[in-house]
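A quick write-up on the structure given underneath.
Sequence lines set the chain letters: A, B, ... in the order given, protein chains first and strands last, and positions in each chain run from 1.
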Amino acid sequence: MIEDARVLNEKFIPQEIEHRNDELNRLSRALAPCLSGGDPENTVLYGPSGTGKTCLARYTLDQLHEQSPDIDTQYVNCWQNYSRYRVSKELLAGLGVDLTVNRHSTAKDEYPHLIEEALDGPYVVILDEVDQLQESEVLYDLHRLSQVTIILIANRETELFYNLDERVASRLKGAARLEMNKYTVDELVEILQARVRWGLAPDSIGPEQLRLISDIAAGDARVGLSILRTAAKYAESDGLDTITESVIEQIVPDAREELRKKNIEKLNGHQVTLFELLKEHGPASPGDLIDLYEEAVDDPMSGRTVRNYLSKMEQYRVIESVGRSRAKRYQIPT
DNA sequence: GGTCCACAGGAAAGATAGGGTC
DNA sequence: GACCCTATCTTTCCTGTGGACC
């Protein structure tokens, strides 16, 4: 049934972007001056997860690079690369420079100079999940480099600017803004139809089943793709010719679990213990959770560190919190 | 309204690891 | 090998906030 598994992967960049024509045109226009030696605009893309922000940005950069191979581009995920050092390292890697060679003898203030030295023309970079950056100075560094154009991707615009250093925020206020809204059911059906055309055998899933997946995904293309991918794998392993509604309903919990597992893999041992405790004991206050954790492990981290862990786990969407202050409880998302 | 307590999170300092330099 | 420098992680201390209770 599965003819090209890559197509069903959320990281796959399609040949055409569906239902984002306006956003695509605006982003292309903002970057177009790169091609003529002009002054491109920095851009902020924001909107809920699964609305195609990353896909749109990467697609646009691929097109730009295709039109002019002299333009360097780089994608950096700030969730994994949250410090000034890590972002700079990725940006230098995009220019063919390995920062790890001099890692322990390079002052942070030297990073922008190293990037400037390595530049040989326009450099367009995507900073995905930029609201996860812990050291926003890197944005200040990049803003000062005239050859660098940045595309910032975040879930909420207000949170992005709220967390930024004042001087960085004021410099980015002039950047172009593109808001990406959730897909409608019809739009998501068409997006999934295209993936089915490219990646699955003909007639392996009908429009009614795709509509059911889109309904369940509630405008989130990432969830929709995960359900489609899991359903195709399930049907294939069971020797079925088509993905039926009962298959879809059966695998939805597995598809959601698959998405959660990807995030759990990013946790350290202490964080996994906290997750398991929460799964075992149900909703718990931070204080109770810390008590349980201290009983469960031989060499526990301090309460402050555990709070940092819980905060990070919430950002990973592995756990969620309800209530505030004393009424606050952590729980596993349903 | 005042007090207590739990919680969140910032700041500073300490510990550790590891590469560069002499 | 000793020392220096840097990144990263952790801990301690502290302040601010908000709910519960009197």
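- One side chain, A/Asp128 or A/Tyr75, offers a donor N or O that lies under 3.5 Å from an acceptor on the other.
- Nucleotide C/dC9 holds its P atom 14 Å from the CG atom of A/Leu267, rounded to whole Å.
- Going from atom NZ of A/Lys312 over to atom C1' of C/dT8 covers 13 Å, rounded to whole Å.
- Between the A/Arg260 side chain and the A/Pro333 main chain, a donor and an acceptor come within less than 3.5 Å of each other.
- Considering A/Arg195, A/Arg58, A/Lys262 as possible partners of A/Glu10, the one that fulfils the salt bridge (Lys or Arg N to Asp or Glu O under 4.0 Å) test is A/Lys262.
- The backbone N or O of A/Leu91 lies less than 3.5 Å from a partner atom in the side chain of A/Tyr123, making a donor-acceptor pair.
- The CG atom of A/Asn268 sits 16 Å away from the P atom of C/dT8 (whole-angstrom rounding).
- Here the P atom of nucleotide B/dA8 and the CZ atom of A/Arg329 are 11 Å apart, to the nearest Å.
- For A/Pro286, counting side-chain heavy atoms from C-beta on, the closest listed nucleotide (C/dA7, C/dT8, B/dA8) is B/dA8.
- Comparing C/dC9, B/dC7, B/dG9 by their closest approach to the side chain of A/Ser311 singles out B/dG9.
- At the phosphate of C/dC9, neither OP1 nor OP2 sits under 4.0 Å from any side-chain N or O atom of A/Tyr85.
- Regarding contacts with the backbone of B/dA6, every side-chain N or O of A/Lys328 stays at 4.0 angstrom or more from both OP1 and OP2.
- When rounded to the nearest whole Å, the span between OH of A/Tyr330 and P of B/dC7 equals 10 Å.
- Of the residues in residues 289-310 of chain A, A/Arg304, A/Arg307 come within less than 4.0 Å of DNA chain B through at least one heavy atom, sorted by number.
- Classified by interplanar angle (parallel below 30°, tilted 30° to 60°, perpendicular above 60°), the ring pair A/Tyr309/A/His270 is parallel.
- Summarising the geometry, the separation between NZ on A/Lys89 and P on C/dT8 is reported as 10 Å, rounded to the nearest angstrom.
- Grouping Ile, Leu, Val, Met, Phe, Trp and Tyr residues whose side-chain heavy atoms lie under 4.5 Å apart, directly or via other members, places A/Phe12 in a hydrophobic cluster with A/Val7, A/Trp198.
- Evaluation of the salt bridge (charged side-chain N to carboxylate O under 4.0 Å, His left out) rule for A/Lys182 yields no partner, not counting sequence neighbours.
- Note on A/Tyr82: a side-chain N or O is less than 4.0 Å away from OP1 or OP2 of C/dC9.
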